[in-house]
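Residue numbering restarts at 1 for every chain, and letters A, B, ... go by the order of the sequence lines.
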2 protein chains.
Amino acid sequence: MIRNVTLAEVAREAGVSPSTVSRILNGTARVKDDKEQSVRRAIDRLGYRPNAFARSLATGASGSVGVLTQDIASPFYNDALSGIERGLMGSGYSPIIISGHWRTDEEEHAVELLLARRVEALIVLGGELPDDELRSLADRLPVAVLGRPLDLGSYGGASIALNNRQAARDLVTHLLDRGHRVIGHIMGLADQEDAQERLGGYREALESRGVAYVPSLVVQGDFREPSGLIGMQRLLAAHPDITAVFCANDQMAYGARLALYRLGIRVPEDVSLVGFDDLPGSCYTTPPLTSVRQPMEEMGQWLARFVLGRLLGEAVPPFEPKLELQLRESVASRRP
Amino acid sequence: MIRNVTLAEVAREAGVSPSTVSRILNGTARVKDDKEQSVRRAIDRLGYRPNAFARSLATGASGSVGVLTQDIASPFYNDALSGIERGLMGSGYSPIIISGHWRTDEEEHAVELLLARRVEALIVLGGELPDDELRSLADRLPVAVLGRPLDLGSYGGASIALNNRQAARDLVTHLLDRGHRVIGHIMGLADQEDAQERLGGYREALESRGVAYVPSLVVQGDFREPSGLIGMQRLLAAHPDITAVFCANDQMAYGARLALYRLGIRVPEDVSLVGFDDLPGSCYTTPPLTSVRQPMEEMGQWLARFVLGRLLGEAVPPFEPKLELQLRESVASRRP
DNA sequence: CTGTTAGCGCATTCAA
DNA sequence: TTGAATGCGCTAACAG
């Protein structure tokens with residue numbers, strides 16, 4: 001609405017040259033105190049705010065790193081976003097966040113936008129962008145990817161992916177240790193790699209204990225609550241003797257929990273339940289849910305540090321995300 | 001890493017003038033087909049991407065609207081963010097999101113950053129920014145505020161605030177209707193207006209039914225789960241005869257729920273529980289939680305539309321957010 | 001220590 | 001329909 005004040009106007013108002021004002025703003029060189037004072041006063045008086053665009057244009061540095069997330073309302077990725085925010089804090093860089101909604105076209109558009117805004121680095125949280133595209137991006141700027149087993153090392157990028165299979169195996173092994181033998185699995189979207197890996201871990205755990213894999217003990221879900229509820233109903237219908245269920249994520253476990261509640265089946269006395277992701281709410285469900293925690297926040301922070309490191313030419317110590325089993329009250333030993 | 005291709009290079013490669021390329025890019029004027037073709041080819045060949053900064057500098061329009069949220073990981077505001085994203089979609093504007101973490105200094109810094117990035121409008125989600133500051137901002141650009149009862153009308157801004165008091169009154173009246181008389185309240189941060197309003201609604205509901213307000217039935221919380229757990233313990237200690245509890249938000253209700261579970265007190269048979277906000281998870285708690293839904297997503301969408309309207313000089317129909325009571329199984333009639 | 005000059009990459013006059 | 005020239009607001013040499 002109101003035209004913005006420019007540096008030149010400040011200079012005139014203060015009776016100095018534009019460069020002097022610039023120097024004061026950026027601390028590029030020492031300036032006599034009296035001039036500094038009058039410039040600062042002029043800035044206040046005029047309500048001057050530097051134009052980031054002009055600055056970026058002149059310096060060739062945007063001071064921003066692009067973040068491609070999937071859903072700004074996803075509790076899952078948002079922890080990583082917090083971490084990124086924290087990791088960037090105080091670095092002079094700020095994040096520009098865009099959501100791709102797991103749709104390749106939207107993601108590509110988002111990347112275009114970020115590139116147009118001349119982000120100096122890119123952090124990608126999951127998504128469907130083809131590996132090749134990520135690689136060619138990593139060719140142009142520092143790229144860090146979360147949740148995809150992608151080798152970007154030779155391109156100057158980094159990717160951290162979780163060992164979903166291992167974690168799922170640990171979780172199911174825990175159930176086996178507690179004496180469970182009829183263990184159901186509500187799996188995630190079949191075409192998503194995470195879902196496949198978690199299913200794989202489930203199978204491996206069973207096999208390593210010599211428990212037969214029964215296809216009808218696995219039902220399809222879509223990572224959301226309603227599918228957990230339905231999945232649980234189907235499992236109970238097919239296997240009334242089921243004593244434990246491994247849900248491919250916590251959200252589906254919530255749905256499963258509700259299905260059991262509605263049927264008057266107790267957790268964990270009658271059926272034990274485990275999830276995956278350890279959402280913030282999972283220690284406050286009734287009973288608190290056994291799950292496996294992905295250190296999203298730490299991962300986000302590391303991603304930020306990684307790209308900062310590349311930007312500043314510093315080495316960044318590698319990061320070994322640790323999946324931690326969170327053993328809570330939703331699992332009981334099977335009664336003999 | 002790799003220097004970016006400029007429009008001038010494209011022009012040279014295509015054998016035309018920079019202005020021609022610009023015209024093609026922006027559709028500012030008709031250009032002969034053959035030139036257009038060769039320019040498009042040059043763009044592809046060189047991998048040219050327009051520099052958003054240079055463009056903004058030249059046009060004076062940034063194409064972005066600033067969004068000040070509080071916590072990028074807050075499920076509460078994130079629904080509004082989704083709405084904003086949706087409301088902006090296809091408008092040519094894109095959001096720049098920064099978190100203020102309910103700290104005035106951080107929020108001010110965030111606003112500085114947004115203003116430096118020359119956002120054309122500002123959307124503020126809650127926060128602690130002084131009203132005056134918001135008003136003076138609304139003086140410079142379109143501003144839309146969520147969750148604060150602030151009159152920005154004369155400044156060309158808009159603010160939508162929820163009638164927290166009314167909703168709280170409805171919720172508590174619902175409990176009274178179900179026969180409850182000893183009703184506790186776990187309140188939010190005492191210095192936050194929402195918390196005060198919800199407490200006010202609680203009192204009003206009681207008084208309108210001639211039920212005495214008992215100070216010891218109100219305990220302090222901070223809007224987070226642990227405080228709900230502790231609050232519930234304290235309420236039970238002071239009032240073993242309590243039959244219902246109104247938590248100032250769902251997160252605290254989750255905590256309260258867990259406290260009851262640990263003590264073997266049943267919900268809703270022994271104690272009824274209600275929350276506030278209707279988080280996505282609240283229909284999947286056991287039992288599902290009675291709460292009041294704030295249409296965050298719709299509000300976000302409206303906020304976006306509002307600032308767009310102001311930007312484009314179009315009128316935007318006013319918005320009347322409706323708080324909807326979500327009656328679920330966490331409330332039972334008091335047994336006679 | 002400070003002012004002058006010359007771009008940064010693009011859109012947009014104004015002529016042609 | 002097109003090109004040349006100018007300026008957006010700022011920083012960074014380069015002189016002084």
Side-chain angles (χ1 to χ4, degrees), chain A residues 2-40 42-43 46-64 92 112-113 115-120, chain B residues 2-40 42-43 46-64 92 112-120 140:
Chain A
I2 292 174
R3 209 183 45 73
N4 284 302
V5 182
T6 73
L7 179 146
E9 297 175 60
V10 173
R12 196 172 331 123
E13 174 88 7
V16 301
S17 80
S19 11
T20 300
V21 178
S22 170
R23 284 190 264 260
I24 293 177
L25 255 35
N26 304 300
T28 318
R30 271 218 66 73
V31 170
K32 273 243 186 77
D33 265 5
D34 57 331
K35 302 219 177 211
E36 164 137 15
Q37 294 313 323
S38 71
V39 167
R40 295 226 175 271
I43 288 180
L46 268 41
Y48 167 73
R49 302 166 189 283
N51 182 326
F53 295 150
R55 177 176 291 174
S56 298
L57 194 55
T59 58
S62 65
S64 51
E112 284 303 311
L113 219 101
L115 256 25
R117 276 173 163 37
R118 290 298 187 268
V119 296
E120 297 178 46
Chain B
I2 292 175
R3 209 183 45 71
N4 283 302
V5 181
T6 73
L7 179 146
E9 298 175 59
V10 173
R12 197 173 328 124
E13 174 87 7
V16 301
S17 80
S19 2
T20 302
V21 179
S22 170
R23 285 191 261 261
I24 292 177
L25 254 34
N26 303 300
T28 317
R30 271 219 66 74
V31 171
K32 274 245 186 73
D33 265 6
D34 56 330
K35 304 219 176 210
E36 164 136 17
Q37 294 314 322
S38 72
V39 166
R40 295 228 175 269
I43 288 180
L46 268 40
Y48 167 73
R49 302 162 190 283
N51 182 325
F53 296 148
R55 179 176 289 177
S56 298
L57 194 55
T59 59
S62 66
S64 51
E112 284 303 313
L113 219 97
L114 292 173
L115 256 25
R117 277 177 166 30
R118 290 296 185 267
V119 296
E120 296 178 45
R140 302 171 42 94

Look at the side chain of [X] and decide which nucleotide, out of [options], has an atom nearest to it.
| X | options | result |
| --- | --- | --- |
| B:Leu57 | D:dC10, D:dC8, C:dA11 | D:dC8 |
| B:Leu7 | D:dG3, D:dC10, C:dC10 | C:dC10 |
| B:Asn51 | C:dC1, D:dC10, C:dG9 | C:dG9 |
| A:Thr59 | C:dC10, D:dG9, D:dT11 | D:dT11 |
| A:Ala58 | D:dG3, D:dC10, C:dA11 | D:dC10 |
| B:Ser17 | D:dC8, C:dC8, D:dA4 | D:dA4 |
| B:Arg23 | D:dC10, D:dT2, C:dG9 | D:dT2 |

Check your understanding: Would you say D:dG3 has OP1 or OP2 under 4.0 Å from some side-chain N or O of B:Lys35?
Key ->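 Answer is yes, contact under 4.0 Å.
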Exercise for review: Verify the contact: side-chain N or O of B:Asn26 to OP1 or OP2 of C:dA11, cut-off strictly under 4.0 Å; return yes or no.
Suggested key: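 Yes, such a contact exists.
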Whole angstrom is fine here: how far is it from [atom1] in [X] over to [atom2] in [N]?
| X | N | atom1 | atom2 | answer |
| --- | --- | --- | --- | --- |
| B:Arg55 | D:dG9 | CZ | P | 18 Å |
| B:Leu46 | C:dG9 | CG | C1' | 15 Å |
| A:Glu9 | D:dC8 | CD | P | 10 Å |
| A:Asn4 | D:dG7 | CG | P | 20 Å |
| A:Arg12 | D:dG9 | CZ | P | 12 Å |

Could you check whether any side-chain heavy atom of [X] comes within less than 4.5 Å of a side-chain heavy atom of [Y], counting everything from C-beta outward?
| X | Y | value |
| --- | --- | --- |
| A:Arg55 | A:Pro50 | yes |
| A:Val39 | A:Leu25 | no |
| B:Arg140 | A:Arg49 | yes |
| B:Asn4 | A:Leu115 | no |

Exercise for review: Report the C-alpha distance between B:Val21 and B:Val16 in whole Å, list the side-chain angles of each, state the deciding distance to 0.1 Å, and finish with yes or no for side chain to side chain contact (heavy atoms under 4.5 Å, CB included).
Suggested key: CA-CA 7 Å; B:Val21 179; B:Val16 301; 3.8 Å; yes
How is [X] classified with respect to the nucleic acid when contacts are heavy atoms under 4.0 Å: base, sugar-phosphate, or nothing?
| X | answer |
| --- | --- |
| B:Ser22 | base |
| B:Pro50 | sugar-phosphate |
| B:Ser19 | base |

Check your understanding: Would you say the side-chain atoms of A:Thr20 and A:Ser17 include a donor-acceptor pair closer than 3.5 Å?
Key ->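 There is such a pair between these side chains.
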Practice item. State which residues pass side-chain hydrogen bond (donor to acceptor under 3.5 Å, both in side chains) with A:Thr59; sequence neighbours excluded, sorted by chain then number. Key: none
**Study point:** Base D:dG9 paired with A:Arg49 side chain (donor-acceptor, <3.5 Å)
**Key:**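 Such a pair does not exist between side chain and base.
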Study note, to complete from the structure: Given Watson-Crick and G-U pairs under 3.5 Å, DNA chain D in dot-bracket ([ ] crossing, | other strand) is ||||||||||||||||
Practice item. Starting from the C-alpha separation in whole Å, work towards a yes-or-no answer on side chain to side chain contact (heavy atoms under 4.5 Å, CB included) for B:Glu9 and B:Thr6. Key: CA-CA 5 Å; B:Glu9 298 175 59; B:Thr6 73; 3.4 Å; yes
